Amino acid sequence: MRKRIVAGNWKMNTDKSSAIALAEAVKNQLVSVPSNTEVVLCVPFVHISEVKRVLDGSSIKTGAQNCYTQPSGAYTGEVSAPMLRSYGVEYVILGHSERREYFKESNAELAQKVKIALENNLIPIFCVGEVKEERQAGVHISVVERQLEESLFHLSAEHFFKIVIAYEPVWAIGTGLTATTAQAQEMHNAVRQMIAKKYSSDIAERISILYGGSCKPENARELFACADVDGGLIGGASLKASDFVAIVNSF
Ligand code: 13P
């Protein structure tokens, strides 16, 4: 059975006290985690050690939202994968559409980030997804295929197997527009078929593919019920503990 994952992406939100309060609220309200389900909080770098301290003793994992391509050196302002690992971080979001758009991260740069994350035992939550115009033009599946091919499909099966994929249609992020279950299932199934073709159907069946984009308590249950949707990457709704916990309990 594939691992189910619900990851919160806090993005650039919270300050020190509200980050601690939010992590505490999630920990306290999440009385039990559904079976075979991993819960992850991907928080701003500066809050990692405080959030990790709050989550210690719970099964909730700590994640980051980015890392740099190099392990160390003269890269003012960047944060490396070895640094994250030294704080006990287990997951890192890579290739989020906001990083692709505002920070011009290319598929080739993301391939380097995936490499260094894996070398440091971080699990990449690798985001793919099309913009509105690409969906309207009917090229959404080939756009996602290209993202996978250029950033991930050079990996050995052993390394690829460690990746979590998140399908986040860009037009659904923070807009209140959610992919329909048919749209989500179509893409998740297409991604699984791409993996089967490149690697094997066994690997394709075992990779977790999350949905992200205006996922909330009201729609999580129907999205998670799709055969190829293994959980969610949650933005706005992860900033309210009760909503995030309700989403975790939607399996
Ligand atoms: P929203 O849930 O706010 O649409 O954000 C989704 C997202 O970008 C998660 O990474």
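Residues: numbered from 1 along the sequence shown. When a ligand or atom number is given, it counts from 1 through the structure's own listing order. Because the structure is predicted, anything quoted here is derived from the model rather than measured.
- Residues with a heavy atom under 4.0 Å from ligand 1: Asn9, Lys11, His96, Glu168, Ala172, Ile173, Gly174, Gly213, Ser214, Leu233, Gly235, Gly236.
- Contact check on Arg53 versus Glu50 returns a salt bridge, with a Lys/Arg side-chain nitrogen under 4.0 Å from an Asp/Glu carboxylate oxygen.
- Arg2 CZ: more than 12 foreign heavy atoms inside a 6.0 Å radius.
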Using side chain to side chain donor-acceptor pair (under 3.5 Å), reason through Glu168 and His96 one step at a time and then give a plain yes or no. CA-CA 8 Å; Glu168 298 208 313; His96 193 281; 3.0 Å; yes
Do Trp171 and Glu130 pass the side chain to side chain donor-acceptor pair (under 3.5 Å) test, and can you show the C-alpha distance, the side-chain angles, and the key distance before you say yes or no? CA-CA 8 Å; Trp171 48 270; Glu130 80 286 359; 2.8 Å; yes
Please report the C-alpha distance between Phe160 and Phe153 in whole Å, then the side-chain angles of each, then the deciding distance to 0.1 Å, and finally whether the ring pair (Phe, Tyr, Trp, His ring centres under 6.0 Å) criterion is met. CA-CA 8 Å; Phe160 184 81; Phe153 279 178; 5.8 Å; yes
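- There is no path of hydrophobic side-chain contacts, each under 4.5 Å, that joins Met187 to Val170.
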